[in-house]
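Owing to the predicted nature of the structure, the values given are computational and were not obtained by experimental measurement. What you see below is based on every heavy atom in this structure, not just the backbone, and it leaves out hydrogens, waters and symmetry mates.
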Amino acid sequence: QVPLVESGGGLVQAGGSLRLSCAVSGRTWSNYATAWFRQAPGKEREFVAGISGSGIMTRYIDSVKGRFTISRDNAKNTVYLEMNSLKPEDTAVYYCAADLNKSTPTTTPNNYDSWGQGTQVTVSS
C-alpha cells in the first residue's frame, strides 16, 4: 500500500459546496484507478465516484450524478471530488482509494489497495 491523504472536509449547509482533495507522494498517479467512497454511521461503505488513470473515464453512483465531479491532476498527484448542491444525506466520512493494478475504476472496495484516513463531511439542514 501507499499512503493517501485526504483534505477539504468540513461543515456546510444544505445546498452548499465542498471540494475534497486526495494526494499521494513518492509515485505517480497516472496509471492508478482512483475512487471516492463514503461511510455514514450505521451504514456500509459505499462507492461514490471513480476515475481512470488518464482522467478520461469517470463513473458515479446515481444519487450524486449531476452534483459531484471527480477529476485528477496527475502533474500534482492529486485527485479531487467537487461536491455541489450538498444534501444532509451526503453526510459521511469520505475516503479516497487507489487500485494499483488497474487503470479503470471499479465499485468494489476490496479491489482497492491503498486508502486514505478519511475526512468528515457534515451537511446541515
Side-chain angles (χ1 to χ4, degrees):
Q1 293 187 346
V2 296
L4 309 179
V5 180
E6 302 106 330
S7 62
L11 175 65
V12 65
Q13 292 183 325
S17 300
L18 287 172
R19 185 175 71 169
L20 307 183
S21 299
C22 178
V24 63
S25 61
R27 64 183 67 199
T28 181
W29 283 73
S30 62
N31 294 320
Y32 301 164
T34 310
W36 289 92
F37 292 80
R38 66 187 181 188
Q39 188 166 21
K43 295 184 178 180
E44 295 184 352
R45 188 169 298 186
E46 68 172 351
F47 172 86
V48 178
I51 189 167
S52 64
S54 67
I56 296 174
M57 179 184 294
T58 60
R59 63 191 303 175
Y60 301 89
I61 191 172
D62 285 345
S63 63
V64 308
K65 288 181 178 178
R67 299 190 298 119
F68 291 10
T69 302
I70 187 170
S71 62
R72 69 192 306 151
D73 186 340
N74 286 335
K76 297 181 179 179
N77 284 344
T78 302
V79 174
Y80 304 96
L81 184 67
E82 182 73 32
M83 304 184 294
N84 300 311
S85 301
L86 282 162
K87 304 175 180 179
E89 53 262 43
D90 295 318
T91 296
V93 176
Y94 283 71
Y95 301 88
C96 67
D99 185 345
L100 304 183
N101 299 307
K102 292 184 178 179
S103 61
T104 56
T106 66
T107 62
T108 304
N110 289 343
N111 289 340
Y112 291 85
D113 306 292
S114 298
W115 293 82
Q117 82 287 352
T119 185
Q120 177 71 48
V121 172
T122 302
V123 184
S124 62
S125 300

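Among Leu100, Asn77, Asn101, Asp113, the single residue meeting the side chain to side chain contact (heavy atoms under 4.5 Å, CB included) criterion with Tyr32 is Leu100.
For the residue pair Val64 and Val48, the shortest heavy atom distance occurs at CG2-O, 3.8 Å. Nearest heavy-atom pair across Ala40 and Ala92 is N-CB, 3.9 Å. Annotation for Lys76 and Thr78: closest pair O-OG1, 2.9 Å, computed over non-hydrogen atoms. Counting all heavy atoms, side chain and backbone alike, Tyr60 lies closest to Ala49 at CD2-CB, 3.6 Å. Between Gly118 and Val93 the shortest heavy-atom distance is CA-CG1, 3.8 Å.
Geometric assessment of Arg19 against the ring of Tyr80 yields a positive cation-pi assignment under the 6.0 Å and 45° thresholds.
Contact check for Val121 versus Met83: side-chain heavy atoms found under the 4.5 Å cut-off. Side-chain contact between Thr91 and Gln120 is present, with at least one heavy-atom pair separated by less than 4.5 Å. Side-chain contact between Thr104 and Arg59: absent, with no pair of heavy atoms (C-beta onward) separated by less than 4.5 Å. Leu81 is not listed as a side-chain neighbour of Arg38, based on a closest heavy-atom distance of 4.5 Å or more.
Aromatic ring orientation, Phe68 versus Tyr94: tilted (interplanar angle from 30° to 60°). Using cut-offs of 30° and 60° on the angle between ring planes, the pair Phe47 and Phe37 is perpendicular.
Checking side-chain atoms of Arg67 against main-chain N and O of Ser85 turns up a donor-acceptor pair under 3.5 Å. Side-chain atoms of Glu6 do not come within 3.5 Å of backbone N or O of Leu20 as any donor-acceptor pair. Within the 3.5 Å criterion, the main-chain N or O of Ser54 finds no donor-acceptor partner in the side chain of Asn74. Side-chain atoms of Tyr112 never come within 3.5 Å of backbone atoms of Pro105 as a donor-acceptor pair (strictly under, hydrogens ignored). Side-chain atoms of Thr34 do not come within 3.5 Å of backbone N or O of Ala98 as any donor-acceptor pair.
With a 6.0 Å radius and a threshold of 12 heavy atoms from other residues, nucleotides or ligands, Gln13 has its CD atom at or below the threshold.
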Practice item. Show your reasoning for whether salt bridge (charged side-chain N to carboxylate O under 4.0 Å, His left out) applies to Asp62 and Lys65. Key: CA-CA 5 Å; Asp62 285 345; Lys65 288 181 178 178; 3.1 Å; yes

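Here the CG atom belonging to Leu4 is positioned 5.5 Å from the OG atom belonging to Ser114, to the nearest 0.5 angstrom. A distance of 13.0 Å separates OG of Ser21 from CZ of Arg72, quoted to the nearest 0.5 Å. Here the CD1 atom belonging to Ile70 is positioned 9.5 Å from the OG atom belonging to Ser52, to the nearest 0.5 angstrom. Note that the OG atom of Ser63 and the NZ atom of Lys87 stand 7.5 Å from one another [nearest 0.5 Å].
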